Number of protein chains: 2
Amino acid sequence: MKLMNNNLQQYAIGVDIGGTNTKYGIVNHRGDITHSGRMSTSKYETAEAFVDALYAVFSPIIDEVGKENIKGVGIGAPNANYFTGSIEHSPNLNWKGIVPFASMISEQFGLPCSITNDANAAAVGEMMYGAARGMKDFIVITLGTGVGSGIVTGGQLIYGHDGFAGELGHTIIRPGGREHWSTGVKGTLEAYASATGITLTAREMIAESGRESLLQQYPSEAIDSKAVYECAMKGDEVAKEVYRFTGQILGEALANFVMFSSPEAIILFGGVTKAGNLIMDPVREHMEKNLLAVFKNKVALNFSELKEADAAILGASALAWEIRM
Amino acid sequence: MKLMNNNLQQYAIGVDIGGTNTKYGIVNHRGDITHSGRMSTSKYETAEAFVDALYAVFSPIIDEVGKENIKGVGIGAPNANYFTGSIEHSPNLNWKGIVPFASMISEQFGLPCSITNDANAAAVGEMMYGAARGMKDFIVITLGTGVGSGIVTGGQLIYGHDGFAGELGHTIIRPGGREHWSTGVKGTLEAYASATGITLTAREMIAESGRESLLQQYPSEAIDSKAVYECAMKGDEVAKEVYRFTGQILGEALANFVMFSSPEAIILFGGVTKAGNLIMDPVREHMEKNLLAVFKNKVALNFSELKEADAAILGASALAWEIRM
């Protein structure tokens, strides 16, 4: 019988840093999130200011739980490198260049810290507690401010030789197409399938189509992915067309990903998935249509089963359990 | 000290089945190919006829070496499944449907047989004896009649949940573009970057451009990738343009693959690579141009160091050493 130590290091901190918001929690060994919250990411111009603000919200929680009961801090963040502990050249964060994020957190919190790509953290969360339980080959696609991905093959996350594998949002799916607002590369998946991409598609369609739409009640610069969602839910045809267009591009991209790693399932995760079948139906149609015969009707396409915030917090906290001290 | 048995099972048969030709050899434990040859693949309408013909060429070699000295047969073939031993729905072979190839070989040869994707076999060959020695994260792209790929991450070949991972030739790189002659999918890499794709590009360019070219000395249906190569070597601008166009598409596709698995190197392999810098220069330019900053100038892009036939034969034979009896 394995002896569990119930008094020491019962908790791990999990932090999920997105381009817009950061979600955080404290997780016990059974995977229950006992404290959680969220804060802005984008309002902090520097990583230093962000780390200070994160510590300020955690300080009372750490005091309550007792620092000696916390094993460490696990962080999922865009362009975070598991090997080096740095966040490097992230197109979706204000902090440019190479930021030694794990050591900044570790110093401020007085706790060991391990980081990985936010989508990798979500994939680990899905594998441990969500839609990918028991699977060895799957891909998680996060559809939020940006488009991220965590790829698991043979039960292992793909990190690549430098720790940066799995940037599927930056693969080109429309050569010569829409220029990415941050990377400058044309026609990448993120330029279309992210919340930002949906916003741009809707503004373009309204400007060009001449069709009547509930979206016309907004000034162009006020149209965003939330407005598209609300109008589509009210049955607006142009808003639904935005999802069909987005779903086609995402479906074609997923076909490419299946040809790469032949996963058992692809799990879609994040704000954009709220549109449900409006997006899932065209995604499934265009994925299947573009697959080689050998892959057709074999890949499960599912939404995450975890509450939106939970998968990444749980996945990030799983890093902390594994920290070598 | 490890005892080597020098009298028994000193050899393995390695067979590389391509869409047009099949190359084969007998390999000793040190990786020397002691007997080798080639035969047509495409002239055999059925897998049964092909297996008979393969056995006919091997029969005298097996008699010479002694069957008791041969450990088994390792085969690399398009759409071959390592898990099931079948060749399934191959677009580039005459044998359609699901062919239980390993058991057919095993029965005919009276030797155990293991099979994998021909490009996976090439990747194993490069890892053991070629340009990928010592690497744990790399991709081999085979540019022949078709476009194949073998992907290694963390030192392991990616097989996927069903054994079919690594069909990068069938990823879409020009949505709505050229229809694949066999799969019917539009705009896949293979439709452009294979020898067949180069042939089609050259015929289109000659028909549409109106520019003078050495290629005009051929009737359109006689223009093939060999003619393009020969004219380009003589300095023909249209033939060189064919390689620039092909290289751009391949480079963009490689950028996508880097974003997936972040390899240390990509190794290009097969007949199309004979064009040397005519193809490598545009490949490198367009790969780098489309990479996220974090990947730029980090991925080595190399031609195979092995003789064209050897990598796949050696890689396939490596399967035979591992056969459990």
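All figures in this text were calculated on a predicted structure; none of them were measured in a lab. Lettering of chains follows the sequences in order, A, B, ..., and the numbering in each one begins at 1.
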Check: Does the side chain of Leu319(B) reach to within under 4.5 Å of the side chain of Ile75(B), using non-hydrogen atoms?
Finding: no
Next item on the list: Against chain A, label Ile139(B) side chain, backbone, both or neither, depending on which of its atoms sit under 4.5 Å from a heavy atom there.
Entry: side chain
Notebook entry, point to check: Listed by chain and number, what are the ring-ring contact (aromatic ring centres under 6.0 Å, His included) partners of Phe260(A), not counting sequence neighbours?
Noted result: Phe260(B)
Next item on the list: Please report the closest heavy-atom contact between Ala122(B) and Val140(B), naming both atoms and the distance.
Entry: CB-CG1, 4.3 Å
Next item on the list: Taking the side chain as every heavy atom from C-beta outward, state whether Leu254(B) and Val283(B) have any pair of such atoms under 4.5 Å apart.
Entry: yes
Note to self: Please find the pair of heavy atoms, one from Val147(A) and one from Ala193(A), that lie closest to each other, and give the distance.
What the structure shows: CG2-C, 3.7 Å
Notebook entry, point to check: Checking heavy atoms, do the side chain of Ile151(A), its backbone, both or neither come under 4.5 Å from chain B?
Noted result: side chain
Item checked: Pairwise side-chain contact, Leu250(A) with Leu189(A), heavy-atom cut-off 4.5 Å (strictly under) -> yes
Checklist line | Closest-packed option against chain B by number of heavy-atom pairs under 4.5 Å, given Ala165(A), Gly154(A), Gly163(A), Ala255(A) | finding: Ala165(A)
Check: In Å and rounded to the nearest 0.5 Å, what is the CD1 to CD1 distance from Ile87(B) to Ile115(B)?
Finding: 5.0 Å
Notebook entry, point to check: Which region of Phe257(A), side chain (C-beta onward) or backbone (N, CA, C, O), has a non-hydrogen atom less than 4.5 Å from a non-hydrogen atom of chain B, or is it both or neither?
Noted result: both
Next item on the list: Under 4.5 Å, counting heavy-atom pairs only, tell me which of Val185(B), Val294(B), Val258(B), Ile172(B) racks up the most with chain A.
Entry: Ile172(B)
Item checked: Which of Gly176(A), Ala293(A), Gly166(A) touches chain B most, by non-hydrogen pairs under 4.5 Å -> Gly166(A)
Check: Are Met259(A) and Leu291(A) close enough that some pair of their side-chain heavy atoms sits under 4.5 Å apart?
Finding: yes
How about the chain A/chain B donor-acceptor pairs under 3.5 Å, what are they, with distances?
{"residue": "His161(A)", "atom": "N", "partner": "Ser262(B)", "partner atom": "O", "Å": "2.9"}
{"residue": "His161(A)", "atom": "ND1", "partner": "Ser262(B)", "partner atom": "O", "Å": "3.1"}
{"residue": "His161(A)", "atom": "ND1", "partner": "Pro263(B)", "partner atom": "O", "Å": "3.4"}
{"residue": "Asp162(A)", "atom": "OD1", "partner": "Ser262(B)", "partner atom": "OG", "Å": "2.5"}
{"residue": "Asp162(A)", "atom": "OD2", "partner": "Ser262(B)", "partner atom": "OG", "Å": "3.3"}
{"residue": "Asp162(A)", "atom": "OD2", "partner": "Lys298(B)", "partner atom": "NZ", "Å": "2.7"}
{"residue": "Gly166(A)", "atom": "N", "partner": "Met259(B)", "partner atom": "O", "Å": "3.2"}
{"residue": "Gly166(A)", "atom": "N", "partner": "Phe260(B)", "partner atom": "O", "Å": "2.8"}
{"residue": "Glu167(A)", "atom": "N", "partner": "Met259(B)", "partner atom": "O", "Å": "2.7"}
{"residue": "Ile172(A)", "atom": "N", "partner": "Asn256(B)", "partner atom": "OD1", "Å": "2.6"}
{"residue": "Ile172(A)", "atom": "O", "partner": "Asn256(B)", "partner atom": "ND2", "Å": "3.0"}
{"residue": "Asn256(A)", "atom": "OD1", "partner": "Ile172(B)", "partner atom": "N", "Å": "2.6"}
{"residue": "Asn256(A)", "atom": "ND2", "partner": "Ile172(B)", "partner atom": "O", "Å": "3.0"}
{"residue": "Met259(A)", "atom": "O", "partner": "Gly166(B)", "partner atom": "N", "Å": "3.2"}
{"residue": "Met259(A)", "atom": "O", "partner": "Glu167(B)", "partner atom": "N", "Å": "2.7"}
{"residue": "Phe260(A)", "atom": "O", "partner": "Gly166(B)", "partner atom": "N", "Å": "2.8"}
{"residue": "Ser262(A)", "atom": "O", "partner": "His161(B)", "partner atom": "N", "Å": "2.9"}
{"residue": "Ser262(A)", "atom": "O", "partner": "His161(B)", "partner atom": "ND1", "Å": "3.1"}
{"residue": "Ser262(A)", "atom": "OG", "partner": "Asp162(B)", "partner atom": "OD1", "Å": "2.5"}
{"residue": "Ser262(A)", "atom": "OG", "partner": "Asp162(B)", "partner atom": "OD2", "Å": "3.3"}
{"residue": "Pro263(A)", "atom": "O", "partner": "His161(B)", "partner atom": "ND1", "Å": "3.4"}
{"residue": "Lys298(A)", "atom": "NZ", "partner": "Asp162(B)", "partner atom": "OD2", "Å": "2.7"}

Checklist line | Option that, when pairs with chain B are counted at under 4.5 Å, heavy atom only, ranks first among Ile158(A), Val299(A), Leu292(A) | finding: Leu292(A)
Next item on the list: State, with a plain yes or no, whether a side-chain heavy atom of Ile17(A) is found less than 4.5 Å away from one of Phe101(A).
Entry: yes
